[in-house]
Amino acid sequence: MIQVQLPDGTLQEHPDEATALDVAAGIGERLAGATMAAEIDGMVVDAMRPLKQLTDADPVPLKLLTNRDAEALGVMRHSCAHVMARAVMRLFPGVGLAFGPTVANGYYYDFELDEPIREDDFERIEQEMRAIVKEAEPFERFHLGRDEAIEFCGELGQALKVEHIETGLSEHPDLSFYRQGEFVDLCRGPHVPDAGRIKAFKVLSVAGSHWKGDASNGRRLQRLYGTAWFSKKEQAAYLERIEEARRRDHRVLGKQHGLFSITPEVGQGLCLWMPKGASVRSRLEDFIKAELLARGYDPVYSPHVGRVELYETSGHFPYYRDSQFAPLFTHDAGQLVDGWIRRLEGGALGEQDEQALCAAAAVLGCDTSSYPANGTRDERVAFLHHWERTQERFLLKPMNCPHHVQIYKSQPRSYRELPVRLAEFGTVYRYEQSGELNGMLRVRGLTQDDAHQFCTPDQVEQEFRETLELVKFVLASVGLDDYRVQLSLRETGSDKYVGSQENWDLAERSLRNVLEETGLDYEECAGEAAFYGPKADFMVSDCIGREWQLGTVQLDYNLPERFDLDYIGSDNRPHRPVMIHRAPFGSMERFVGMLIEHFAGAFPLWLAPEQVRVLPISEDRHAEYAGQVTERLQAAGFRATTDLRSAKVQSKIRDAQLELIPYMAVVGDKEAAEGSVALRDRIDGDLGMMPVDQAVARLREEIDGRQVRQVVKSEFKGFEGETAADNEY
RNA sequence: GCUGCUGUAGCUCAGUCGGUAGAGCGCGUCCUUGGUAAGGACGAGGUCAUGGGUUCAAGUCCCAUCAGCAGCUCCA
């Protein structure tokens, strides 16, 4: 007999071969039916395996995982991924299986298959899945030794599984498999007891992927995404959330409401701000500029380009070469020599090609007569570098910091004037991979609400503290109150970071101290730091529960070193300042794009491009009074227009509603006689007649308080604490 | 950058088997002058993304390019 201890402390006796499922059945039939898996000492395991196989503990600390537990949801989804793979194998004979893990809200399975899977196929895949679920066959686990396992997968024709056992799982002495009817898959598990426990599922999308995430190995896979839930109701809520997100797509709303546009004529990832989008942006910029002035920042301006040497010194140019626009050369041969150097350094330059380059460079006016063609590679590179350095090369700036550093450096600094805070809405250019571009959220030209704070090491904590306050304040001003901070730290043992060990320790400690002290919800992430220092990123949740990385605060002990910055201390000796990079919004593009989705295009009054529209009942009789009202509203500082079309007022109201104008002012005979308006609210509808002054006061109050009145919360909750499982197989 | 899918009027989309290009909304003109989410009539709008190819004939089939979408990889 074995002893089992349940979470409430009760002890039970069970036969030696008892499983968690047996324990559940002993408590109640319904519980057994709802049991998906079990948890022993925090480890999620199969409910159908004998407890003795799973632990030596006595008594066995057992928790039954049912359709009320987030952990069970992951198990069930992973089982559903197997069901999907089984269905696909039936419909596409000869398909190769790769990986099939769970992800947030669902799962995927990667297949190796020549024939493309199309959306039209989803229905029959789901049908096959329904048939498999209806059969409710059990998931059976078994083990094989390495050699047997390789032979077994070979016999099944699963070459990728063989490869994975030989490489990824080379340390595993024996391998576990799960069988479900005719379908067998190498898998760590755990799984639900039988397929019948999958109550709601759907195949969602198909996309390309790469074997083990490596694009260079040339092995293309097809990734089929699906979702699964404990009930149809939960699934419906989730699908509705996806729909809601689609309805809020800033690319669609941005076009519809004339906020921004991205055209092939201008270029991929280069955003044109239309008047209405520019209006929203400029409200935000004015707001934060005023805030910065109040907080002791000095606004500065700097150009969009800078000499390449600036970014060589900062380290950005060599580190991010591939994600920058190519340098601009003033000499005709510049680009050629640059490509020449890179080919030499890459070791991929033939003798003939080199001679051709030599000749071509000469034609373009670069004197190559003393080029050491027979010298070492280093000598040849040095010759070309030397020439290049005599030439002007510019870079579209990928960062504002080097320019701000030059402003700091332009005069001697005393500890008395620190911190120096230089702020600029600086536009930077990054050559993002084409597949990464996404509306305003990921662009190639973006404007950061950037600033750099230069301070003494002693001031770091206080500066960081104040900066966190600023970020919190600006997020609150647009009604974003649901966020957490990700503290990105270095990864021990990696060589991608610059700067001394002591500085990193100091920086990380300072950030952690202040975050602790402010009580912000934060989480540490090793390996996510920038190459020059740790950072605190604000992860903001929007009204339908999606998380966005917006503001960032980054400590930097590196650039001051590289640019040899100093200030004179009270000891009359030079000291090294510390830099803080920070951008509360992140970039204006990304921030406004996120706001469009958060507000579903319906901006709060203080940000709305058009705040009030005056609607005359009759175009010819009330046009004059409508014009007067509009002028009064404009004089009071509102963005107001008049709708003078010869349409019925119902139709004008409908259009204004669809254009998401916050307020309408209807004017007819009565209003004209009394000097009033019939105010209509986008949200609450008709507010009745009131004097114009009263309407002005009402709107003024809403704007001054930066009120956010309409943010629809999503029905979808998901599972508290749910995370994507880390599936090894 | 890679894989897959897509590209028809300002917008959203039909377009069968390869046989002279369609709708709704929007826009323009005219009629209508109205009271809180669509009044009516008429009209203008397209080198079917671009460039090649196959064919008597291409929006439709093939190739390339460009752009968009989904995903992968990346993100100072």
Side-chain angles (χ1 to χ4, degrees), chain A residues 103 108 110 113 115-120 204-225 249 251-252 255-256 258 262-269 311 314-317 319-320 322-324 397-402 428 430-439 441-442 446 448 450 496 528-533 535 537 549 552 554 556 558-559 581 583 587 590 615-623 645-659 664-671 678-682 684-689:
Chain A
V103 292
Y108 65 79
D110 280 346
L113 180 66
E115 176 190 353
I117 299 176
R118 297 166 190 284
E119 273 182 40
D120 302 344
L204 294 178
S205 61
V206 62
S209 66
H210 305 107
W211 172 239
K212 299 205 171 182
D214 180 2
S216 64
N217 62 27
R219 299 175 70 171
R220 320 280 171 234
L221 303 173
Q222 298 190 62
R223 176 167 298 180
L224 204 50
Y225 282 86
D249 191 323
R251 295 166 300 191
V252 176
K255 187 189 246 185
Q256 202 176 344
I262 297 173
T263 66
E265 288 79 6
V266 177
Q268 273 190 304
Y311 305 98
S314 75
H316 292 109
F317 182 69
Y319 194 84
Y320 292 107
D322 290 339
S323 30
Q324 290 169 359
K397 69 175 171 185
M399 290 290 283
N400 298 306
C401 24
V428 299
R430 297 173 182 179
Y431 193 80
E432 305 285 1
Q433 299 181 52
S434 61
E436 274 315 317
L437 300 171
N438 178 287
L441 301 178
R442 195 79 184 268
L446 55 133
Q448 300 173 316
D450 209 359
K496 78 175 227 193
E528 295 292 314
F531 73 91
Y532 50 72
K535 57 180 184 171
D537 293 323
Q549 186 185 320
T552 181
Q554 316 185 348
D556 187 349
N558 173 50
L559 280 191
H581 310 240
S587 83
R590 190 176 163 75
L615 311 180
I617 299 276
S618 160
E619 167 227 348
D620 46 15
R621 286 224 314 283
H622 309 124
R645 295 174 303 168
S646 85
K648 298 208 321 189
V649 73
Q650 287 92 327
S651 156
K652 294 181 186 180
I653 287 172
R654 178 171 193 268
D655 287 344
Q657 286 283 153
L658 293 176
E659 287 176 54
M664 287 149 262
V666 177
V667 294
D669 291 334
K670 284 181 280 180
E671 290 78 8
L679 201 60
R680 182 189 162 96
D681 180 77
R682 174 179 68 197
D684 296 333
D686 192 1
L687 300 175
M689 255 170 72

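Per chain, numbering begins at 1; letters A, B, ... match sequence-line order.
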Worksheet item: Can you tell me how far C1' of B/C31 sits from CG of A/Asp620, to the nearest Å?
Response: 13 Å

Worksheet item: In whole angstroms, how far is the C1' atom of B/G26 from the CD atom of A/Glu659?
Response: 11 Å

[atom1] atoms of [N] and [M], separation to the nearest Å:
| N | M | atom1 | result |
| --- | --- | --- | --- |
| B/U20 | B/G59 | P | 10 Å |
| B/A44 | B/U29 | C1' | 10 Å |
| B/A9 | B/G22 | P | 14 Å |
| B/G7 | B/G46 | C1' | 14 Å |
| B/U50 | B/G10 | P | 13 Å |
| B/G39 | B/G34 | C1' | 9 Å |

Looking at [N], I'd like to know if its phosphate oxygens (OP1 or OP2) sit under 4.0 Å from a side-chain N or O belonging to [X].
| X | N | value |
| --- | --- | --- |
| A/Tyr225 | B/C72 | yes |
| A/Arg251 | B/A70 | yes |
| A/Lys397 | B/A76 | no |
| A/Gln554 | B/A76 | no |

Worksheet item: Along nucleotides 36-41 of chain B, 5' to 3', which nucleotides get a B, which get an S, and which get a -, given that the test is a protein heavy-atom distance under 4.0 Å?
Response: BBBS--

Discussion item. Quick check: on RNA chain B, is the nucleotide nearest A/Met399 upstream (toward 5') of the one nearest A/Arg223, or the reverse? Name the residue that is more 5'.
Written reply: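 On the 5' side of the pair lies A/Arg223.
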
Response to the item:
When A/Arg645 and A/Val667 are each assigned the nearest nucleotide of RNA chain B, the 5'-most assignment goes to A/Arg645

Worksheet entry | Stacked pair A/Tyr320-B/A76, distance under 5.5 Å, angle under 30° |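 Here the ring of A/Tyr320 and the base of B/A76 are stacked, with centres under 5.5 Å and planes under 30°.
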
Worksheet item: Is there a side-chain contact between A/Pro616 and A/Lys652 (heavy atoms, below 4.5 Å)?
Response: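 They are in side-chain contact.
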
Worksheet item: Under a 3.5 Å cutoff on both atom distances, Watson-Crick or G-U, what's the dot-bracket for RNA chain B ([ ] crossing, | other strand)?
Response: (((((((..((((.....[..)))).(((((.......))))).....(((((..]....))))))))))))....

